[in-house]
Amino acid sequence: MSVTLYHGEPNGPSLTVLAAAFEKNIAAELHRVDLAAGDRHRAAMPHAVEIDMSIEGEGPVLVAGGVAMADSVFIACYLDDSGTGPALRPADPYARWEVMAWCRYVIERVAPAAAFLGTQAHLADRLAAMDDAAFAHLVGPIASTDLAERWHAVRAYDFAEEKLADSRAKIAQAVVKVEAQLQDGRDWLMGDFGIADLESYAWLAGMVSLLPDAFADAPRTAAWLARVKARPSVARALALASDDTPENAWAPGPEINRWG
């Protein structure tokens with residue numbers, strides 16, 4: 001079965017899916033997409049309601065057997081079931097629930113905060129420098145009203161201080177959570193290396209330079225970040241970057257939880 005992966009720079013959700021494909025020996029045809037230029041919404045890309053309305057925001061798209069899929073954790077689950085090599089999720093039902101509960105925490109709490117902070121630091125000025133016609137061309141094809149609004153907010157530098165503070169707090173909380181998870185001396189978050197490590201690393205790696213204080217007293221987290229980065233599948237994904245700082249590549253991500 002043919003598999004095609006449309007991905008952005010190896011950061012955030014694109015890093016999760018690229019590394020998962022490499023872990024599982026999936027012979028995917030890779031196509032780089034400039035997510036920060038809105039290219040995921042162009043006519044040449046696969047489109048479906050599940051893609052255009054993906055709650056992940058600007059993430060990768062996997063096409064397998066003619067069917068397009070979005071959302072990095074669920075794509076990684078599909079790849080885990082489709083490829084060869086060690087499993088990325090445990091077989092035990094409770095342990096698998098733990099993995100998925102952890103990933104939901106990352107999706108709903110960490111990812112929106114990281115994307116908010118990342119786009120403020122690394123995308124807002126680029127969008128502000130665009131003329132109105134160029135920006136209209138970028139956002140015009142976006143089917144999701146919510147996602148289009150997030151693009152407009154980034155360009156307008158609409159980063160309310162309470163949302164910035166909340167996002168910083170959520171990243172700091174995530175580091176505390178990772179540090180606690182590793183306190184028994186384990187190498188990986190859920191026993192064996194897996195999707196929880198990939199998804200957590202993918203959203204947190206770019207936060208180290210933005211929020212150094214959050215990582216300052218977390219030696220186990222620092223060592224874990226280094227281990228994930230050195231993992232052959234992750235190193236292979238990072239080698240696809242167009243420059244030396246893929247952790248600075250951000251596009252609008254999931255919407256910040258309305259309930260805080």
Side-chain angles (χ1 to χ4, degrees), residues 5-23 30 32-37 39-40 56-60 72-73 75-76 103 106-107 109-127 150 154 159 164 167-179 182 188-189 193 195-216 218-254 256:
L5 176 59
Y6 298 87
H7 66 90
E9 290 291 310
N11 189 45
S14 288
L15 176 57
T16 294
V17 173
L18 283 166
F22 296 150
E23 282 281 340
L30 301 180
R32 182 192 301 275
V33 177
D34 189 350
L35 297 177
D39 285 353
R40 192 169 71 92
E56 188 168 57
E58 300 295 348
S72 58
V73 169
I75 293 175
C103 288
V106 175
I107 293 168
R109 304 284 289 182
V110 182
F116 194 71
L117 297 169
T119 53
Q120 183 209 28
H122 301 294
L123 181 65
D125 289 345
R126 169 177 167 177
L127 296 184
R150 294 201 290 283
V154 173
F159 296 97
L164 288 169
S167 295
R168 296 184 193 110
K170 285 174 179 171
I171 298 303
Q173 291 162 6
V175 175
V176 170
K177 185 177 177 70
V178 170
E179 193 73 3
L182 298 170
W188 310 115
L189 294 175
F193 180 84
I195 293 173
D197 296 287
L198 289 176
E199 186 73 357
S200 302
Y201 176 89
W203 290 105
L204 287 176
M207 297 293 101
V208 177
S209 61
L210 294 183
L211 300 174
D213 289 350
F215 295 83
R220 290 186 290 269
T221 301
W224 166 79
L225 287 167
R227 284 193 296 274
V228 178
K229 186 176 182 179
R231 184 85 177 180
S233 61
V234 176
R236 183 177 170 187
L238 292 172
L240 297 174
S242 61
D243 61 35
D244 293 334
T245 56
E247 66 275 12
N248 293 343
W250 293 95
I256 290 178

Q. Is Arg168 reaching over with its side chain to a backbone N or O of Ala214, donor-acceptor style, under 3.5 angstrom?
A.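 Such a contact is absent between Arg168 side chain and Ala214 backbone.
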(Q) Please check: side-chain N/O of Ser14 versus main-chain N/O of Gly8, any donor-acceptor pairing under 3.5 Å? (A) yes
Could you grab the distance from atom [atom1] of [X] to atom [atom2] of [Y], nearest 0.5 Å is fine?
X	Y	atom1	atom2	value
Ile75	Thr16	CD1	OG1	9.5 Å
Glu9	Glu247	CD	CD	10.5 Å
Asp197	Trp224	CG	CH2	6.0 Å

Q | Contacts of type side chain to side chain contact (heavy atoms under 4.5 Å, CB included), residue Arg220, not counting sequence neighbours | A |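 Once residues adjacent in sequence are excluded, the partners of Arg220 under the side chain to side chain contact (heavy atoms under 4.5 Å, CB included) criterion are Glu179, Leu182, Gln183.
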Q: State, to 0.1 Å, how close Cys103 and Ile195 come at their nearest heavy-atom pair, and which atoms those are.
A: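 Cys103 and Ile195 have their closest heavy atoms at SG-CG2, 3.8 Å.
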Quick one: does [X]'s side chain get under 4.5 Å of [Y]'s, heavy atoms only?
X	Y	answer
Trp250	Leu35	no
Leu198	Arg231	no
Pro254	Trp203	yes

Q.
With side chain to side chain contact (heavy atoms under 4.5 Å, CB included) as the criterion, how do Ser200 and Val110 come out once you've worked through the C-alpha distance, each side chain's angles and the decisive distance to 0.1 Å?
A. CA-CA 8 Å; Ser200 302; Val110 182; over 6 Å; no
Q | Partners meeting ring-ring contact (aromatic ring centres under 6.0 Å, His included) with Phe215 (sequence neighbours left out) | A |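 With sequence neighbours excluded, Phe215 shows a ring-ring contact (aromatic ring centres under 6.0 Å, His included) to no residue whatsoever.
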Q.
Restricting to ring-ring contact (aromatic ring centres under 6.0 Å, His included), what partner residues turn up for Tyr201, sequence neighbours left out?
A. none
**Q.** Greater than 12 external heavy atoms within 6.0 Å of Asp244's CG
**A.**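 No, because the 6.0 Å sphere around CG of Asp244 holds 12 heavy atoms or fewer from other groups.
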